[in-house]
Novice: 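Please see the structure below; I have some questions.
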Amino acid sequence: MLKFQRTKLVDIVNNGDNTITVHGILDDHIYHIEIDLVIGCDNLSIQAIQGKWLRSENTECRRAIPFIERAVGIKIDEEGFSQRINKYVGRKSCPHFANLIIECCDAAEDAIQVMGYEAARVENPGLRFEGFSSAGKSAAPPQKSSNRPVSLPVEQREAGVKGTPLQRDERGYYVDLHMHSYPASQCSTANIDDLIVEAKTIGLDAVCLTDHNHVWSLNDVEDLKQKHGFQVFRGNEITTDQGDMLVFGMYQDVKGIINLGDLRELVEAAGGFMIAAHPFRGFLVFNTSQIGMTVEKAMQRPVFQQVDAMEVLNGKVTRPENDFAAQVAAGMKLPATGGSDAHAISDVGRYVTCFRQRIENGEDLVTALKQGDYKPKMYHKFRQQGEHDAG
Amino acid sequence: MSNLLCYARNRSTSVEQIDEGTVISTCRLQDTLTDAEVTIRVRLPELEIAEASGTFQRYGPKSCSQAANALKKIAGVRIGAGMKKIIRGLLGEITDCDELAVLVEECCHGVILAFTKEMLAQVPKDIALEKEFFANMIKENIRLYNSCAAFAPGSPIVEGIDPP
């Protein structure tokens, strides 16, 4: 029996005044929405939009309607169009309206191309669409960007440091192992200096920069340490075909999506350390019983055979998802870490990893991670209670 | 003046659970230019794409004519947060055919919505109880806070819920 069905219909009419009217319908088991758009054929921008709900998820969905006007003025052929619609309409209005607008505008680009073809065929009746489109702008193949991992000559190991003996510290050594700064991570809103100032202010001992597929140079990190009088480490959050990995001690600049096994080889060759980041993010959106997920079944996922540790406290996932990760890590006897996954200043230090020893440099950090003598902590909570090292 | 269509599109996604551990999701696109279809077989409970196949018939962008071969690359990808980046990254290594990634994403969204539908079947008809149901859902999954107009500050659903 069919479990779900969604149909999207797009009809386009040439208004004859250099505009087209686009009517879109999205109809599925949960939603029925409709939109009407007017798009200019010359400037390819959205000139007007109207929308309506026929069925929705809840009674407050009607609030979405006024916000769809945020799409007016956006050019449908500009780079990042879908992201803009998802950001300006999807989050403020409704992601399903955004989905339908993107569908309609994609169809509109095709329609304008078809109209151009029909006009050209008046003068050249033998013209075939394939020949027309391959000469036209909109059919030009996009620039292919290689997604293969690229290795750049970045330092393999922290220069000038040896594995200095770790000194035991009674309080513990609090490191936010997972944070993102702008512009190194485009999804972050936090300036690097502000992140470090905040970490220092709230009493952390160190932060680790883990921008997405971005390698901080050793010199830049040293400059930040000197500037702020604060310990700063560098890591990298690398997207693999099996999800995101926090990598430490391996400083190759990996671009695109890398195979997890290939990344594992790079990390091992560099003597680094790899942590499965937010391993169950979004996994528990439905009841686990709906999809039959159990801790035992999760432990069998091949991805966890390839990592050195698991992030079980991540500031961007739900408590049940963190709890579930903790159970899986415990079941597999994998070390567990915590990090805020900060993308904004207010996120810094939400979760941290508490080491037993002071950590002097990047090489020490990898050594300490491999020793496994640390715990993930809910730092903010403990800070508010005035006890940093409870638990 | 007649209002003949200069272009029409129909994209349909259907999801079927064929056994306890397998869901099949198919997205078919038919429009003035293109006729294409992608099917993914999803393994439960991991929500991982076990297998994907597809065809491009009729005219599509040239880059799409052989693109379906790239689909084997997405086997093993988990449906969930971050999947779009992974799917586009993996397919982008082999093909410039954007439509292929769109078809895969629609299949994946269909799977997510199929399970969401089951959860929404529990929403009470009474408006006050409905509000409570969604408020609890947001409390349990605070990422939903301010993720759309219905869950934004000012909506009765999020009254009394602290922003993340």
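Labels below follow one simple rule: chain letters A, B, ... track the order of the sequence lines, proteins then strands, and each chain is numbered from 1.
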Novice: Examine whether an atom of M115(A) lies under 4.5 Å from a heavy atom of chain B, and if so say whether it belongs to the side chain, the backbone or both; otherwise answer neither.
Specialist: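 Side chain only.
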Novice: Report which part of I30(A) has an atom under 4.5 Å of a heavy atom belonging to chain B: side chain, backbone, both, or neither.
Specialist: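 For I30(A), side-chain heavy atoms alone lie under 4.5 Å from chain B.
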Novice: Could you check whether the rings of F129(A) and Y117(A) sit parallel, tilted or perpendicular, using 30° and 60° as the cut-offs?
Specialist: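 Answer is perpendicular, since the angle exceeds 60°.
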Novice: At a 4.5 Å cut-off on heavy atoms, which part of V123(B) comes close to chain A: side chain, backbone, both, or neither?
Specialist: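 Neither the backbone nor the side chain of V123(B) comes within 4.5 Å of chain A.
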Novice: Less than 4.5 Å to any heavy atom of chain A: does that hold for the side chain of L4(B), its backbone, both, or neither?
Specialist: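 Just the backbone, heavy atoms under 4.5 Å.
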Novice: By number, which residues in residues 126-139 of chain B have some heavy atom less than 4.5 Å away from chain A?
Specialist: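 Result: I127(B), E130(B), F134(B).
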Novice: Need one label for A152(B): side chain, backbone, both or neither, based on atoms under 4.5 Å from any heavy atom in chain A.
Specialist: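 For A152(B), neither part sits under 4.5 Å from chain A.
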Novice: Answer yes or no: is there a donor N or O on one side and an acceptor on the other, between the side chain of R63(A) and the main chain of G154(B), under 3.5 Å?
Specialist: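 Pair found, side chain donor or acceptor close to backbone of G154(B).
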Novice: Is the charged tip of K3(A) near the ring of F115(B): under 6.0 Å from the six-membered ring centre and within 45° of its axis?
Specialist: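 Ring-cation test returns yes.
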Novice: Would you check, one step at a time, whether the test disulfide bond (SG atoms under 2.5 Å apart) holds for C97(B) with C64(B)?
Specialist: CA-CA 5 Å; C97(B) 177; C64(B) 292; 1.9 Å; yes
Novice: Look at D241(A), V303(A), N58(A) and state which one has the largest set of heavy-atom pairs under 4.5 Å with chain B.
Specialist: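 The candidate making the most pairs under 4.5 Å is N58(A).
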Novice: Once side-chain hydrogen bond (donor to acceptor under 3.5 Å, both in side chains) is applied, do any residues pair with T239(A), and if so which ones, sequence neighbours excluded?
Specialist: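 With neighbours one apart ignored, the set is D244(A), K85(B).
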Novice: Looking only at heavy atoms, which two atoms of V15(B) and A114(B) are closest? And how far apart?
Specialist: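 Looks like CG1-CB, 4.0 Å.
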Novice: Top residue by heavy-atom pair count (under 4.5 Å) with chain B, among A107(A), A111(A), A298(A)?
Specialist: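 Top option by heavy-atom pairs under 4.5 Å: A107(A).
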Novice: Taking ring-ring contact (aromatic ring centres under 6.0 Å, His included) as the definition, give me every residue that meets it alongside H96(A), ordered by chain and number, with sequence neighbours left out.
Specialist: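 With neighbours one apart ignored, the set is Y31(A).
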Novice: Please identify, among A8(B), S12(B), G76(B), G21(B), the residue contributing the most non-hydrogen atom pairs under 4.5 Å to chain A.
Specialist: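 Looking at each of A8(B), S12(B), G76(B), G21(B) in turn, S12(B) comes out on top.
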Novice: Answer with side chain, backbone, both or neither: which region of E118(A) has an atom nearer than 4.5 Å to a non-hydrogen atom of chain B?
Specialist: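 Neither part.
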Novice: Heavy-atom pairs under 4.5 Å with chain B: which of M1(A), K316(A), K8(A) has the most?
Specialist: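 Of the options given, most contacts go to K8(A).
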Novice: Non-hydrogen atoms of chain B under 4.5 Å away: do they reach the side chain of V22(A), the backbone, both or neither?
Specialist: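 Neither part.
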Novice: Quick one: disulfide bond (SG atoms under 2.5 Å apart) partners of C27(B), sequence neighbours excluded?
Specialist: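 Listed in chain order: nothing, the list is empty.
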